[in-house]
Amino acid sequence: MKKSYVCVAVSLVVMLVFLAACGGNNTVNDAAAGNDAVNTTDNAVSDNVAADPIEIDYGPYCGDECKQVLALGKDPAEYKGKVGFAVASLTFGYGVALKAQTEEHAKKYFPNIELLVGDGQNDPVIQTSVVDDFISKGIDALIINAVEKDALAPVVKKAMDAGIKVISVDRTVNTPVTTTIKGNDIDLGTNAGGSLVEVMGGKGNVVELQGSASASPTIDRHQGLVDSIKDTEIKVIASQHANYDQATALKVMEDILQRFPSGEIDAVFTHADMMTEGALQAIRAAGRENEIKIVSIDGQESALDLVASGAFHSTTVYPVVSPMGIIAAAKAIEGEPLPEFIKLETPTVTKETAAQFKGTTFK
């Protein structure tokens, strides 16, 4: 009898162990199945992320038409090639911002495009040498922010003749290129000139501080001013080049203030904020800031602050050409069509609108 009880007990123990083992295995298998399900979900998410194209932020100055012509034909990561970028000068805030943003956007959007950058040091001979070096290194596309439109024409033509796509940004070059991307400088001059006419009430004496004599922005911004005041009683009593330099503008304005004493200058119109800030220094030192209105161009961050404070009546924004330049270069390498000119927006900023433009320009 005892043996029977023992046998039954043993049998029960064996059965319980077996059931526990089976249950354990099912639990492990369920967990494994759960892990597989999680991994599959993770993979699906990863695949979806990889499949989604990168959304490009064109910034506030690339309008609908600009975005349309710069729309990519495929995922940015699929674009490959070597691009040379010849900056006019890193002496100026605009050049520094153009270089930094182009490098940033190339890295962000086009991981398989190699970008080479060279500083022209505001010297056409040096910039020509930079482009020649790029050509020797086998670039597929050239982005050029030309020091001078005529002096850089021969080397740009050389690049085009070699089958290199040329994207001219910020300034024009006096030879055919694949495309030019910039704010229209005549429009800038006209927009700023309209602001000048407004603040002067259509009459009075104005001093013009121009940029570098041979630079395309200087020529066009001057023409914009001429066009905007031709039907007014505004007279340009002095117009001198200050080479887009603050110290030069300070000296030029000091001389002009001595030539035209108090009451003879109603406003100052300059081609760039850096020069305007130099002119403002001279005007303040002469104690004449209350009698002279100031209208500027470029829209750099410090100028927006001066507009907000009332020191400048206005500044008209000249946008940094990025990411537009590197996008155009990528499209050109792949043979995607581009128009001859891509126009960027150039709004005029006043005290009432200064805050909305902060952080969208350059320092």
A.B. asks: Does the pair V83 and I333 meet the rule for a side-chain contact (heavy atoms from CB on, under 4.5 Å), with working shown?
C.D. replies: CA-CA 9 Å; V83 177; I333 289 173; 3.8 Å; yes

A.B. asks: A side-chain contact here means heavy atoms from C-beta on lying under 4.5 Å apart; do N122 and F92 qualify?
C.D. replies: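 When only atoms from C-beta onward are counted, F92 and N122 do touch, with a gap below 4.5 Å.
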
A.B. asks: Could you walk me through whether T316 and V349 satisfy the side-chain contact (heavy atoms from CB on, under 4.5 Å) test, starting with their C-alpha distance in whole Å, then the side-chain angles of each, then the deciding distance to 0.1 Å, before giving a yes or no?
C.D. replies: CA-CA 6 Å; T316 299; V349 183; over 6 Å; no

A.B. asks: Quick check: does any side chain N or O of D185 sit under 3.5 Å from a backbone N or O of L188, one acting as donor and the other as acceptor?
C.D. replies: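 A pair under 3.5 Å: no.
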
A.B. asks: Does P323 offer a backbone N or O that forms a donor-acceptor pair with the side chain of Q101 under 3.5 Å?
C.D. replies: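 No, because the side chain of Q101 does not come within donor-acceptor range (under 3.5 Å) of the backbone of P323.
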
A.B. asks: Taking atom types as modelled and ignoring hydrogens, do the side chains of D150 and N174 form a donor-acceptor contact shorter than 3.5 angstrom?
C.D. replies: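 Judged by distance alone, the side chains do pair up.
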
A.B. asks: Answer yes if the side chains of E208 and Q240 hold a donor-acceptor pair under 3.5 Å, and no otherwise.
C.D. replies: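 Side-chain D/A pair, E208 to Q240: absent.
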
A.B. asks: Would you say the side chain of T218 lies within less than 4.5 Å of the side chain of Y244, judging by non-hydrogen atoms?
C.D. replies: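 In short, these two side chains touch, coming nearer than 4.5 Å.
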
A.B. asks: Would you call R171 and P217 a side-chain contact if the rule is heavy atoms closer than 4.5 Å?
C.D. replies: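 Side-chain contact under 4.5 Å: yes.
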
A.B. asks: Mind checking whether F269 and L209 have side chains closer than 4.5 Å, heavy atoms only?
C.D. replies: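 No - every pair of side-chain heavy atoms lies 4.5 Å or more apart.
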
A.B. asks: Can you give me the closest heavy-atom contact between F357 and T353, atom names plus distance?
C.D. replies: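 Shortest heavy-atom contact: CD1-O, 3.2 Å.
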
A.B. asks: With a 3.5 Å cut-off and no angle check, do the side chains of T346 and N191 form a donor-acceptor pair?
C.D. replies: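 A pair is found: one side chain offers a donor N or O, the other an acceptor, under 3.5 Å apart.
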
A.B. asks: Roughly how far, to the nearest 0.5 Å, is the CD atom of E264 from the CD1 atom of I292?
C.D. replies: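 Going from CD1 on I292 over to CD on E264, the span is 10.5 Å.
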
A.B. asks: Between T172 and T180, is any side-chain donor less than 3.5 angstrom from a side-chain acceptor?
C.D. replies: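 No donor-acceptor contact under 3.5 Å links the two side chains.
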
A.B. asks: Before accepting this row, confirm whether a basic side-chain N of the pair K343/E65 lies closer than 4.0 Å to the acidic partner's carboxylate O.
C.D. replies: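 Looking at E65 together with K343, the answer is no, because their closest N to O distance does not fall below 4.0 Å.
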
A.B. asks: Report the distance from atom CD of Q210 to atom OG of S239, rounding to the nearest 0.5 Å.
C.D. replies: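 Between Q210 CD and S239 OG, I get 3.5 Å after rounding to 0.5 Å.
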
A.B. asks: Looking at K251 and E254, is there a salt bridge between them, counting it only when a charged N and a carboxylate O are closer than 4.0 Å?
C.D. replies: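 No, this pair does not count.
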
A.B. asks: What distance do K182 atom NZ and D220 atom CG have between them, rounded to the nearest 0.5 Å?
C.D. replies: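 Reported value, rounded in 0.5 Å steps: 6.0 Å.
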
A.B. asks: Which atoms form the tightest heavy-atom contact between L257 and R288, and what is the distance?
C.D. replies: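 That would be O-NH1, 3.2 Å.
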
A.B. asks: As a quick check of understanding, evaluate side-chain contact (heavy atoms from CB on, under 4.5 Å) for V156 and V131, giving each step before the final call.
C.D. replies: CA-CA 8 Å; V156 169; V131 176; 5.7 Å; no

A.B. asks: Determine the minimum heavy-atom distance between A159 and V166, stating which atoms define it.
C.D. replies: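 Between these two residues, the closest heavy atoms are CB-CG2, 4.1 Å.
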
A.B. asks: According to a hydrophobic-cluster definition based on side-chain heavy atoms being under 4.5 Å apart (Ile, Leu, Val, Met, Phe, Trp, Tyr only), do I326 and F362 belong together?
C.D. replies: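 Yes, same cluster.
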
A.B. asks: Would K74 pass as a cation-pi partner of Y79, given that its NZ or CZ must be under 6.0 Å from the six-membered ring centre and within 45 degrees of the axis?
C.D. replies: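 Satisfied, under 6.0 Å and within 45°.
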
A.B. asks: Could you walk me through whether E340 and T179 pass the side chain to side chain donor-acceptor pair (under 3.5 Å) test, one step at a time?
C.D. replies: CA-CA 4 Å; E340 290 183 5; T179 191; over 6 Å; no

A.B. asks: Under a 3.5 Å distance rule, please check whether K331 uses its side chain to pair with a backbone N or O of A71 as donor and acceptor.
C.D. replies: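 The answer is yes, because a donor-acceptor pair under 3.5 Å joins these two groups.
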
A.B. asks: Got more than 12 heavy atoms from elsewhere within 6.0 Å of CD, E233?
C.D. replies: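 No, the 6.0 Å shell around CD holds no more than 12 heavy atoms from other groups.
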
A.B. asks: Give, for atom OG1 of T102 and atom NZ of K107, the distance between the pair rounded to the nearest 0.5 Å.
C.D. replies: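 If we round to the nearest 0.5 Å, T102:OG1 and K107:NZ are 14.5 Å apart.
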
A.B. asks: Evaluate the criterion side-chain contact (heavy atoms from CB on, under 4.5 Å) for residue pair T178 and I164; output intermediate values, then yes/no.
C.D. replies: CA-CA 9 Å; T178 305; I164 296 168; over 6 Å; no

A.B. asks: Is there a side-chain contact between L280 and F312, using heavy atoms and a 4.5 Å cut-off?
C.D. replies: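 Yes. Closest side-chain heavy atoms under 4.5 Å.
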
A.B. asks: Just checking K293: does its NZ atom have more than 12 heavy atoms from other residues, nucleotides or ligands closer to it than 6.0 angstrom?
C.D. replies: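 Count not over threshold, so no.
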
A.B. asks: Are Y109 and L338 linked, directly or through intermediate hydrophobic residues, by side-chain heavy-atom contacts shorter than 4.5 Å (ILVMFWY only)?
C.D. replies: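 Same hydrophobic cluster.
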
A.B. asks: Exactly one of T348, V199, V307, L306 should register a side chain to side chain contact (heavy atoms under 4.5 Å, CB included) with H313. Which one does?
C.D. replies: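 Passing option: V199.
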
A.B. asks: Below 4.0 angstrom, N of the basic side chain to O of the carboxylate: do E103 and K99 qualify?
C.D. replies: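 The answer is yes: the pair qualifies as a salt bridge.
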
A.B. asks: For E277 and S302, which I'm curious about, is there any donor-acceptor pair between the side chains at under 3.5 Å?
C.D. replies: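 Checked: E277/S302 side chains pair up, N/O donor to acceptor below 3.5 Å.
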
A.B. asks: So with a 6.0 Å cut-off around CG of D161, is the heavy-atom count from everything else above 12?
C.D. replies: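 Result for CG/D161: enclosed.
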
A.B. asks: Would you say I167 ends up clustered with M160 if hydrophobic residues are merged whenever their side chains have heavy atoms under 4.5 Å apart, either directly or through other cluster members?
C.D. replies: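 No, it is not one cluster - the side chains of M160 and I167 are not joined through contacts under 4.5 Å.
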
A.B. asks: Taking the six-membered ring of Y318, is the NZ or CZ of R221 close enough (under 6.0 Å from the centre) and on axis enough (within 45°)?
C.D. replies: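 The answer is yes; both the distance and angle limits are met.
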
A.B. asks: Can you tell if the side chain of I144 reaches within under 4.5 Å of the side chain of Q127, non-hydrogen atoms only?
C.D. replies: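 Yes, at least one pair of side-chain atoms sits under 4.5 Å.
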
A.B. asks: Give a yes or no on whether V236 and M200 share a hydrophobic cluster (residues Ile, Leu, Val, Met, Phe, Trp, Tyr; joining criterion: side-chain heavy atoms under 4.5 Å apart).
C.D. replies: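 As far as the 4.5 Å side-chain criterion goes, M200 and V236 are connected within one cluster.
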
A.B. asks: Is there a side-chain contact between V130 and D119 in this structure, where contact means two heavy atoms from C-beta onward sitting under 4.5 Å apart?
C.D. replies: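 No; the side chains remain at least 4.5 Å from each other.
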
A.B. asks: T361 and Q300: side-chain donor and acceptor closer than 3.5 Å?
C.D. replies: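 T361 vs Q300: no donor-acceptor pair found between side chains.
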
A.B. asks: According to a hydrophobic-cluster definition based on side-chain heavy atoms being under 4.5 Å apart (Ile, Leu, Val, Met, Phe, Trp, Tyr only), do L344 and Y58 belong together?
C.D. replies: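 Yes: a chain of side-chain contacts under 4.5 Å links L344 to Y58.
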
A.B. asks: Testing the basics here: between I139 and G84, what is the closest heavy-atom pair and its distance to 0.1 Å?
C.D. replies: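 The answer is CG2-N, 3.8 Å.
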
A.B. asks: State, without any angle test, whether Y94 and S89 hold a side-chain donor-acceptor pair at a distance under 3.5 Å.
C.D. replies: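 Result is no, nothing qualifies.
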
A.B. asks: Test your reading of the model: is there a side-chain donor-acceptor pair from D140 to the backbone of G81, 3.5 Å cut-off?
C.D. replies: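 Checked: no pair found.
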
A.B. asks: Would you say NZ of K358 has more than 12 non-hydrogen atoms from neighbouring residues, nucleotides or ligands within 6.0 angstrom?
C.D. replies: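 More than 12 heavy atoms, drawn from other residues, nucleotides or ligands, come within 6.0 Å of this atom.
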
A.B. asks: Does the D266 side chain pair with the main chain of N205, one donor and one acceptor, at a distance under 3.5 Å?
C.D. replies: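 The answer is yes, because a donor-acceptor pair under 3.5 Å joins these two groups.
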
A.B. asks: Do V317 and Y61 have side chains that get closer than 4.5 Å, going by heavy atoms?
C.D. replies: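 With C-beta onward as the side chain, the pair touches.
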
A.B. asks: Is there a donor-acceptor contact under 3.5 Å from the side chain of K82 to the main chain of K137?
C.D. replies: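 Judged by distance alone, yes, a pair lies under 3.5 Å.
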
A.B. asks: Let me see the working for Q223 and D227 under side chain to side chain donor-acceptor pair (under 3.5 Å), right down to the final yes or no.
C.D. replies: CA-CA 6 Å; Q223 186 60 51; D227 292 344; 2.8 Å; yes

A.B. asks: Is a side-chain donor or acceptor of H241 paired with a backbone partner of G211 at a separation under 3.5 angstrom?
C.D. replies: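 Flag set: sc H241 to bb G211 pair under 3.5 Å.
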
A.B. asks: Locate the shortest heavy-atom distance separating A192 from V295; write the atom from each residue and the value.
C.D. replies: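 Of all heavy-atom pairs spanning A192 and V295, the closest is O-CG1, 3.4 Å.
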
A.B. asks: Decide whether S322 and H105 meet the rule of one side-chain donor and one side-chain acceptor closer than 3.5 Å.
C.D. replies: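 Looking only at side-chain atoms, H105 and S322 do form a donor-acceptor pair, the distance falling under 3.5 Å.
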
A.B. asks: Looking at T276 and A272, would you say the former's side chain and the latter's main chain have a donor-acceptor pair under 3.5 Å?
C.D. replies: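 Looks like yes, one N/O pair under 3.5 Å.
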
A.B. asks: So, N243 versus T248: side-chain donor-acceptor pair below 3.5 Å or not?
C.D. replies: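 The criterion, which ignores hydrogens and geometry beyond distance, is not satisfied for T248 and N243.
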
A.B. asks: Could you pull out the closest heavy-atom pair between C62 and L70, with the gap in Å?
C.D. replies: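 Answer, listing the atom of C62 first, then L70: SG-CD1, 4.5 Å.
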
A.B. asks: Nearest 0.5 Å please: distance from the CG atom of N112 over to the CG atom of D75.
C.D. replies: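 One gets 10.0 Å once the value is rounded to the nearest 0.5 Å.
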
A.B. asks: For the CD atom of Q356 and the CG atom of L304, what is their distance to the nearest 0.5 Å?
C.D. replies: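 Interatomic distance, Q356 CD to L304 CG, rounded to 0.5 Å: 10.5 Å.
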
A.B. asks: Report yes or no: does E301 contribute a side-chain atom to a donor-acceptor pair with the main-chain N or O of G359 at less than 3.5 Å?
C.D. replies: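 Here the side-chain-to-backbone pair exists.
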
